[in-house]
Every structure is written in structure tokens, then in C-alpha cells.
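One structure below.
The chains referred to below are lettered A, B, ... by the order of the sequence lines, with proteins before strands, and numbering in each begins at 1.
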Number of protein chains: 4
Amino acid sequence: DLPLAVIAGPCQMESRDHAMETAGALVDICRSLNMPLVYKTSFDKANRTSLKGRRGMGLEASLEVFAEIKATYGCPVLTDVHENDQCAILAEVVDILQIPAFLCRQTDLLIAAARTGKVVNVKKGQFLAPWDMANVVAKLDDSGNHNVIVTERGASFGYNTLVVDMRSLPTMARQTGCPVIMDATHSVQQPGGQGTSSGGQREFAPVMARAAVSLGIAGVFIECHPDPDAAPSDGPNMVPMGQMADLLTTLAAFDRLAKSHPLSIG
Amino acid sequence: DLPLAVIAGPCQMESRDHAMETAGALVDICRSLNMPLVYKTSFDKANRTSLKGRRGMGLEASLEVFAEIKATYGCPVLTDVHENDQCAILAEVVDILQIPAFLCRQTDLLIAAARTGKVVNVKKGQFLAPWDMANVVAKLDDSGNHNVIVTERGASFGYNTLVVDMRSLPTMARQTGCPVIMDATHSVQQPGGQGTSSGGQREFAPVMARAAVSLGIAGVFIECHPDPDAAPSDGPNMVPMGQMADLLTTLAAFDRLAKSHPLSIG
Amino acid sequence: DLPLAVIAGPCQMESRDHAMETAGALVDICRSLNMPLVYKTSFDKANRTSLKGRRGMGLEASLEVFAEIKATYGCPVLTDVHENDQCAILAEVVDILQIPAFLCRQTDLLIAAARTGKVVNVKKGQFLAPWDMANVVAKLDDSGNHNVIVTERGASFGYNTLVVDMRSLPTMARQTGCPVIMDATHSVQQPGGQGTSSGGQREFAPVMARAAVSLGIAGVFIECHPDPDAAPSDGPNMVPMGQMADLLTTLAAFDRLAKSHPLSIG
Amino acid sequence: DLPLAVIAGPCQMESRDHAMETAGALVDICRSLNMPLVYKTSFDKANRTSLKGRRGMGLEASLEVFAEIKATYGCPVLTDVHENDQCAILAEVVDILQIPAFLCRQTDLLIAAARTGKVVNVKKGQFLAPWDMANVVAKLDDSGNHNVIVTERGASFGYNTLVVDMRSLPTMARQTGCPVIMDATHSVQQPGGQGTSSGGQREFAPVMARAAVSLGIAGVFIECHPDPDAAPSDGPNMVPMGQMADLLTTLAAFDRLAKSHPLSIG
């Protein structure tokens with residue numbers, strides 16, 4: 001089994017310098033832990049709670065920075081797509097196209113992402129059962145792209161609350177055959193929980209990550225930021241960059257133990 | 001208070017003749033009951049469970065039929081939009097643009113729909129609390145469009161199940177100030193409940209409609225079909241056309257009673 | 001179809017005078033509306049959130065008051081039982097023994113209640129699917145008691161929240177063959193929602209009642225109090241006595257309409 | 001930090017020989033792993049789905065067997081109580097009295113259990129938020145018993161389904177100050193999921209156990225049986241005895257790693 005992959009970075013690309021700095025910090029940590037890193041950041045936050053929420057640098061400006069990150073640090077980059085037309089443009093630079101959870105059933109977006117030939121990471125919708133991700137992956141497969149990753153980010157649980165059912169991780173692995181990622185920071189969001197923005201419980205991100213890694217998953221997705229309380233989005237659930245080295249060190253230890261004790265489900 | 005509005009029609013536009021026939025039948029029923037009718041049908045089903053699911057006639061062909069329905073029957077028409085570019089094109093003919101539940105937080109789609117100046121009907125996401133629809137409506141308002149309708153269609157409740165919280169209807173009315181519609185047929189869907197397609201419990205659509213209408217809502221949304229079991233999508237939850245006259249007659253009686261006994265909430 | 005039955009009264013028996021006064025007020029209202037009344041109150045609140053919560057007058061003292069209510073007003077009375085031994089003692093006076101929702105699967109309590117020969121009202125557990133009430137009723141049936149009523153009072157929906165699925169009312173009717181009651185006040189509880197006591201949304205009790213009555217149910221259960229904010233328990237979700245006449249008048253109108261338009265499910 | 005405690009045994013005491021045999025097998029496994037064992041079995045299943053379900057040997061007969069197990073193997077025993085009177089009787093032999101989840105808010109049962117002075121293990125109700133267990137523990141504390149354990153066994157998630165929110169484990173630890181146990185087998189029950197009995201997904205019990213143990217909890221609760229498919233209750237979710245040695249060996253490894261990397265929450 002491969003070592004735990006890390007998909008990490010700030011929620012949105014705030015500036016070229018901010019992106020380079022956070023990428024550099026994460027590259028250093030992951031290299032020292034021998035963990036593969038994918039740098040993640042959004043060029044556009046397409047579903048802010050309010051129109052007044054900052055949305056990111058936009059596609060054009062971001063592509064240049066993504067290219068610079070790849071050239072400078074040699075690590076693959078991931079970003080999320082919202083419209084069909086964006087897929088081909090992003091695919092010129094970006095290594096993994098991510099389908100947001102709300103959009104995981106939009107057929108045309110899945111097809112457009114699949115046709116780029118890039119790796120596609122689909123986040124499981126908050127409204128979807130784990131076994132129903134098999135239908136989502138089938139759409140990508142039937143579009144000729146078999147490089148698919150699936151990500152757990154919590155299921156709707158009453159109002160303004162998500163819950164992670166740990167059974168979803170082995171269930172998705174078995175039913176889709178894809179690598180499974182745990183998104184440890186969005187799964188502790190409190191959607192809409194702060195009136196005009198979403199709340200979050202960043203203190204539980206390590207709980208989610210550790211429990212999931214103990215099951216032998218392929219990777220973790222962790223949004224992080226040098227100063228989450230000052231971040232334009234997802235601040236309440238991002239992990240402070242200063243805690244990432246310790247967190248990933250611990251997760252690496254759990255990953256080694258988990259992969260030397262593979263779970264047999266069913 | 002205005003009489004109950006009826007938004008009805010088959011899930012997807014299957015053919016010109018099918019659309020004309022179902023529109024005509026609904027026009028007759030609603031005229032005899034003195035209920036305002038909005039004919040609803042989808043030109044494209046953008047999130048079928050499987051790629052093999054039939055998707056509808058497409059935008060171009062549908063626009064002609066929508067125009068013919070309006071010319072022939074004089075009733076307004078509603079359809080759902082999935083991509084920003086579709087809004088302006090549809091707005092040339094369609095009277096109400098509908099934002100699908102999964103897409104209710106996609107800012108750009110909301111803005112594009114708002115800018116057409118047409119009435120916008122937003123379905124509440126299965127993952128959203130009723131009070132959070134105020135944020136969605138604010139995006140439309142802030143884009144200069146105040147002709148907004150909001151629709152309840154169920155909230156995620158465990159796996160493959162939706163539940164309608166009747167409190168959501170007065171809550172949305174109070175918090176958004178918009179007319180509130182009950183979608184009586186999608187709220188009895190069983191998402192993903194049949195493996196590669198969604199199931200449904202059409203026998204409960206009259207239950208949902210009646211309970212909601214008794215609260216004094218602005219309208220009901222009911223998908224119907226001459227032969228639901230033969231329909232290419234949403235068959236399990238559509239109401240047979242042959243039952244619509246009785247169902248609407250009953251709902252009209254409940255509507256009159258409800259509006260002569262307005263609820264005072266809080 | 002019989003007219004809507006009303007099960008009403010304060011959450012707990014606070015004193016003899018309080019009970020007589022509230023019973024008298026309800027008897028007057030229901031007589032003028034020609035609705036059968038069952039006076040409900042608890043002699044003991046066995047599951048307060050905190051030990052410090054007041055629990056009621058106790059079994060012995062309450063029995064005398066129940067007898068006085070029956071003698072004075074001629075209306076049947078209902079109370080809830082918590083322990084097997086209480087059933088036979090209460091059955092000497094009380095007409096309907098109620099099994100609390102948390103206890104709806106306690107076999108011995110069901111058997112003890114069944115053996116009294118009295119009507120047994122079982123509240124559906126917050127953790128139970130509507131169709132699973134068939135198993136609960138079968139325990140009573142198999143114990144020789146076929147006078148069973150079932151009551152909806154909400155299902156767990158995330159944390160500190162209940163939701164009422166209106167489908168549960170016709171589902172329980174069909175699957176158990178029993179009269180179905182809607183508990184309009186406990187279903188708007190917010191369990192544990194106030195730290196050391198439960199919150200509630202009494203403003204939504206008329207919403208729940210009206211939606212349910214429109215489906216043609218057998219009765220409503222409504223806790224009410226002359227001054228809910230001063231009540232020792234369930235204050236946040238009890239209806240002020242001063243609003244009961246209007247509320248029941250409205251419900252009677254919906255009941256007549258519902259029963260002249262019976263729902264056909266499946 | 002103490003090593004992971006194991007609370008294990010068959011769902012119900014089926015016979016003296018069955019109990020001695022399963023206790024002996026578990027004692028051997030736990031001794032070799034240096035894990036403290038508490039033998040668990042029920043003398044009475046008080047809330048079977050159907051009256052026809054077998055309920056166990058009963059209190060009197062069970063007490064003798066519990067005493068023999070303690071004398072023979074030197075391990076403490078745990079059983080669940082359903083009625084106030086049972087507490088003092090059981091306390092003569094049994095080391096830990098367990099409050100079933102459905103009964104976790106029954107004040108008198110909590111008081112009766114507390115007054116025995118024995119350790120009390122309270123299972124969190126399927127309808128309770130983790131933070132609301134603080135109120136439950138306060139009732140025991142206020143009754144003079146501070147030897148309290150709390151157990152996670154899943155929360156209601158739609159119909160016939162439970163979900164475990166891993167955040168509940170550190171939340172209960174912090175809010176109650178009590179040792180926290182993960183019940184890995186009841187949390188994979190499918191309540192009512194088989195019509196007249198409850199289903200289960202025993203293949204996921206190791207998933208639940210491992211994820212929870214990775215968080216550094218005090219113990220695991222695992223029902224096990226030499227032949228689960230032949231067990232009179234909870235067969236679908238019990239772990240075969242033949243898999244317990246491997247399962248506990250793995251959990252011991254995760255426990256050591258977890259306790260050398262304590263989580264800091266908040």
C-alpha cells in the first residue's frame with residue numbers, strides 16, 4: 001500500500017505570494033515525512049453564503065500561480081471546477097480537477113472533467129449515500145476516464161450540521177474501486193451556522209483525519225492557513241499552518257499502522 | 001390572499017405532442033377550478049443517476065414548444081436552468097426560471113437568472129436549513145431581482161430518504177418574504193433508492209400537498225404524467241394525469257379554508 | 001368518520017386546583033365545538049433533563065384528582081406510565097394509559113399496560129420508523145389488548161431537533177390499523193436545546209396540528225397551560241390556554257374538510 | 001493512560017455453559033494481550049422487536065452464573081438493568097450496572113443504579129446529542145455516584161439506520177469527565193431493519209472500533225458469539241468469537257499509538 005497522500009492548502013488563492021508561501025511550507029513538511037503532497041486551492045469560491053464573501057483570484061490569474069507552484073516545488077496541484085468550460089482550460093496546468101460536492105451529480109460537468117484525461121476527484125454530495133457514488137464514478141468511467149478519486153466530506157445531519165459515517169470510507173472503496181480521501185476540514189463545517197457565513201469546528205479536524213486514516217485510506221484533504229481567523233472563507237474550519245507538521249506526523253504514524261493491518265470488510 | 005397557484009407538468013419534455021397534450025389537459029383542469037397554472041417541464045435533466053438516463057429534448061427544440069404552449073393556452077411556463085448561459089436564452093420565452101435544489105448556492109447561476117428580470121424560483125437544497133434560504137434570496141435581491149419564489153422539496157434524512165419539515169414553509173415565508181411553493185412530488189423521491197435510478201412514493205404526493213396547502217402556502221408544484229410508469233424520469237414519484245382533477249379539486253378546498261384561517265407564526 | 005378527538009391538558013399535574021381549572025376550561029371549549037376531549041396530564045415527569053426539574057404530584061395524590069375530574073366533568077383522562085407496577089394501580093381510575101416514546105420498546109411495560117384492558121396510547125419513539133410501530137402494536141395485540149392508539153411526536157433529526165414526517169400518519173394508520181394521533185406540542189420540542197432543559201417552539205404547534213389534521217387523523221394531542229412561561233416543564237412548547245379555543249375551532253374546520261375528502265394511500 | 005479496556009461477551013446469557021465458555025475464551029485472549037476484560041451479557045432482553053424473541057435466562061439464574069464467572073476467571077462482569085428494583089439485587093454480584101440507551105433519561109433508574117455504589121455505564125440514547133450526556137451524568141453525580149462510564153452506540157440517522165459521529169467521543173470525554181467507551185457492535189445495528197427483528201452489519205464493527213480507538217478512548221464494547229448466525233438476538237451485528245483475537249490484537253496496537261499521541265481538542 002502506498003503512503004498516505006496529503007491534499008492541502010488554503011481554501012482560496014488569496015494572492016500569488018500567499019499561495020507560494022503556503023505551498024512552500026507544505027512541501028517542506030511533507031518531504032520530511034515522505035508523504036506525497038498535492039497542493040490544493042480554489043481560484044473561485046462559487047457558492048459563498050453571501051454575495052459579499054470574497055471569491056478568490058479568478059481563473060486566469062490563478063493558472064499562472066499554479067504553474068509557478070509546479071515549476072518551483074514540483075508538486076501536483078488540485079483545484080475545483082464549477083462550469084463545463086473551465087475544465088479544459090484548467091487542465092492545461094492543473095493535475096487534479098475536483099468536482100464540488102453540490103455538483104457531484106451534474107452530468108455535463110462530470111463529462112467535461114472526464115474528457116480532459118486529468119485525474120478527477122469527486123466529493124461526495126452531502127445528500128448522497130456512499131454507495132450512490134458508484135453511479136457518479138460510472139459516469140466518469142463511461143466517459144473514458146478511469147483516474148478517479150472520491151472524497152468523503154460529511155453528510156447532512158439535521159440542520160446546519162454534517163456528520164461523517166466512517167463506514168462510508170470502506171464502502172466507497174469497495175463500491176467504486178477508487179482511492180478514497182477523507183476531507184477532514186469541510187466535514188467539520190457547520191453549513192450556514194453563522195447566519196451569513198458557515199461556521200466550523202477546526203478543533204475536530206484532527207479527530208476526523210485520525211479516525212479515517214486508521215482505516216487505511218488513500219489520503220487526507222486538509223485546508224490550512226497561516227492565520228485562519230483572518231481567512232476570507234472557511235476560516236472556522238481550517239487548520240493553522242503552524243499545527244500541520246505535528247498533525248501530519250501523527251497521521252503518518254497511524255497510516256503506517258493501518259496499512260500493516262489492512263481491514264477486511266465483508 | 002391569492003388562490004393556490006399550480007406549477008405542474010411532466011418531469012421532462014418528451015416530445016412536442018406530449019407537451020402540448022399535457023399542457024392542454026392541465027389548462028382545462030385549472031381553468032375549471034379557477035386556479036392559476038404554470039406549466040412546468042424540463043428541457044434537460046442534467047443530473048440523472050446514470051449516463052444512460054434520457055435527458056429531454058434540449059434547449060433549442062424546447063423553446064419552440066414552450067412558445068407554442070404559451071401561444072395556444074395562454075399560460076406561463078417554467079423550466080429549470082443548469083448553466084449561466086442558458087438563463088438569457090430561456091428568458092426570451094420562459095416566464096419563470098427555476099434554480100435546481102443542488103444548485104441553489106451557485107452564485108453565478110443565481111446572478112445570471114436574476115439579471116434576466118424574470119421570476120426566479122429557487123428550490124431549497126436538500127442540505128439547507130429553511131432559514132438559510134434567506135441568504136439565497138439575498139443574492140437575487142442584491143442582483144436587482146425581487147421577483148423570487150422559494151420551493152420546499154425535502155431535506156436529507158439519513159440515506160436515500162427525504163423528509164419534509166412542515167415548519168419550513170412558514171419559516172421560509174417569514175424569513176424571505178417570498179411566495180412559498182410545496183413541491184409535492186420531488187419531496188417523495190427516494191434519491192438513489194433503486195440502485196441506478198431514484199425511487200419514489202407517488203402515493204404520498206397528495207399527503208405532502210394537502211398538509212402544505214393547509215398552511216396557506218402560495219402554490220403547489222406537482223409533476224404529473226399520463227403514464228408515469230412509462231416516463232423516462234421521475235416515474236416513481238409523478239402523479240398520474242388521470243388523478244390530477246380530483247387532487248386539485250381537493251387542494252382548492254383546503255386552500256380556501258386555509259386562507260380564511262391565516263396562521264399567525266410567532 | 002368520527003370527529004377529531006382532543007387529548008389536552010398541562011404537561012404535569014401541578015396541583016388539584018390547577019388540574020380542575022384547566023380541565024374545566026378544556027371541557028367548555030370542546031363541548032362548544034362538539035369535539036370529544038380526553039384530559040391529559042402527567043403525575044410524574046420521569047425523565048427531566050435535570051434532577052432539579054419538578055416532577056409532578058406523584059401517583060397517589062394524582063389518582064384522587066383524576067377521579068374528581070372524571071366525576072365533575074365526565075371526561076376520560078389519560079396519563080403516562082413509566083414502571084410496570086403503575087399500570088394496574090392507574091387503571092383503577094385512568095381511562096387511557098400512555099406509553100412514553102422512550103419506552104415504546106420496553107416489552108414488560110407494554111404487557112403490563114395491555115393487561116389492564118384499558119386503552120393504551122403508544123407514542124412512537126424518536127428513534128423508530130413509522131412502519132416499526134407495527135411491531136409495538138403486535139406486542140399489545142399478542143397480550144390480548146386490541147384497544148390501541150398510536151401517536152406521532154417527531155423523529156430525531158440531527159442534534160437537539162425533531163422533525164415530523166407527515167407520511168408517518170397514514171403509514172401508521174395502514175400498518176397498525178389503530179387510530180393515529182398527532183402530538184403537536186412535543187413534536188416542536190428542542191430536546192436538550194437549552195443546556196439543562198429542553199427548548200421548544202410553541203409557535204409551530206398550530207402548524208403541526210393543522211397539517212396533520214388535514215390528513216384525516218383520529219385526534220390531536222396538545223399540551224396547554226394558562227401561563228406556559230411559568231410552567232415547571234415543557235413551557236417552551238405548550239400552547240397558552242387562551243389560544244386553545246381559536247386553535248381547536250380552526251382544527252375542527254380542517255377536520256370536517258379532511259374527513260369529507262378521505263385520502264387514499266396506495 | 002491506561003490500556004484499552006474490553007467489554008465483551010454475547011448479547012444474552014443463553015445458558016450457564018455458553019456463558020462460561022465465552023467468558024473463558026475472552027479471558028484467555030485479553031490476558032495474552034494484557035487488556036483488562038469486563039465480561040458483558042444480558043440476563044433479559046427487555047426490548048426485543050417481537051414478543052416471540054428470546055429474552056435470556058432471567059435475573060435469578062443469571063446471578064449464579066455471574067458469580068461463577070467471577071470466581072472462576074477473576075474478571076469483573078457487566079449487565080444491563082431495566083427496572084429500578086433490579087439494581088440493588090444485581091449489585092450484590094455484578095460490578096458494572098449498565099443503563100440501556102433507550103432508558104438513559106429515566107431519572108429513577110439512574111438514581112437506583114447510582115445508589116448501589118457500583119460503577120454505572122450509561123449508553124448514550126440514539127436520540128441524544130453528545131453534550132447532553134452531561135445532564136445524564138449530573139443526575140448520577142448528584143445521587144452520590146461518581147464512578148460513571150459513558151458509551152457511544154450511534155445516533156438515529158433517518159429510518160432504520162444509526163450513524164456514529166466520531167466527534168461524540170472527545171466531546172463526551174470533555175463534557176462529562178468520564179471514561180468513554182465505543183460500542184462497536186450496537187452502533188452497526190439496523191434497528192427494525194429486518195421487519196420483525198433488527199438487522200446489522202457486523203462487517204463494520206472493526207471499522208467502528210478501530211476509528212474510535214485511534215482517538216484514545218478508554219475502552220471498546222464488542223458483543224461476540226461463537227456462532228452469531230445462530231444467536232437468539234443481535235446475531236447480525238455480533239462478531240464471531242473466532243475473530244476476536246485478531247481484532248483485539250489490532251485494537252491494542254492502535255490503542256498504544258493513540259495513547260502516545262494524545263489528541264488535544266480545543
Fill in: C/Ser42 and C/Asp80 side chains, donor-acceptor separation under 3.5 Å
yes
Item to complete: Ignoring hydrogens and angles, state whether a donor on the side chain of C/Asn121 or C/Thr151 is under 3.5 Å from an acceptor on the partner side chain.
Response: yes
Practice prompt. Return the option, out of C/Leu110, C/Leu162, C/Leu128, C/Asp165, with the maximum number of heavy-atom pairs under 4.5 Å with chain D.
Written response: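 The option with the most such pairs is C/Asp165.
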Discussion item. I need the residue from C/Val136, C/Asn84, C/Asp44 with the largest number of non-hydrogen atom pairs under 4.5 Å to chain D.
Written reply: C/Asn84
Practice prompt. Can you tell which part of D/Gln106 gets under 4.5 Å to a heavy atom of chain C, answering side chain, backbone, both or neither?
Written response: both
Item to complete: Measure D/Ser50 against the heavy atoms of chain C and call it side chain, backbone, both or neither at under 4.5 Å.
Response: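 Just the backbone, heavy atoms under 4.5 Å.
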Discussion item. I'd like to know if C/Arg105 and C/Asp132 make a salt bridge, using a cut-off of under 4.0 Å between side-chain N and carboxylate O.
Written reply: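 Result for this pair is no, no salt bridge flagged.
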Worksheet item: Thinking salt bridges, do D/Lys124 and D/Asp183 make one under a 4.0 Å N-O criterion?
Response: no
Practice prompt. Measure the spacing between CG of D/Leu97 and SG of D/Cys87 and express it to the nearest 0.5 Å.
Written response: 5.5 Å
Worksheet item: What part of C/Lys45 is in contact with chain D, defined as an atom under 4.5 angstrom from a non-hydrogen atom: side chain, backbone, both or neither?
Response: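 For C/Lys45, no heavy atom lies under 4.5 Å from chain D.
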Fill in: Under 4.5 Å from any heavy atom of chain D - which part of C/Ile111
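The answer is the side chain of C/Ile111.
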